Amino acid sequence: MDPFEKKPILPVDVMITLAINIVVAVLGYYAVMLWGSFGG
């Protein structure tokens, strides 16, 4: 029996946390770019 056979690659809560972090990072990046473009 493979102990990793029935487990997903990552737990669901970890995937959700990573997804939220990625979205926040992308939004923050675009916010900084727009802020600089419009002379903030």
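This one's a predicted model, so the numbers in the text were calculated from it and none came from an experiment.
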* Applying side chain to side chain contact (heavy atoms under 4.5 Å, CB included), name anything that partners Leu27, two or more places apart in sequence or on another chain. => Val23
* **Pairwise distance CD1(Ile16) to CG(Asn21) - rounded to 0.5 angstrom** => 12.0 Å
* **Shared hydrophobic cluster for Leu18 and Val26 (ILVMFWY, side-chain gaps under 4.5 Å)** => no
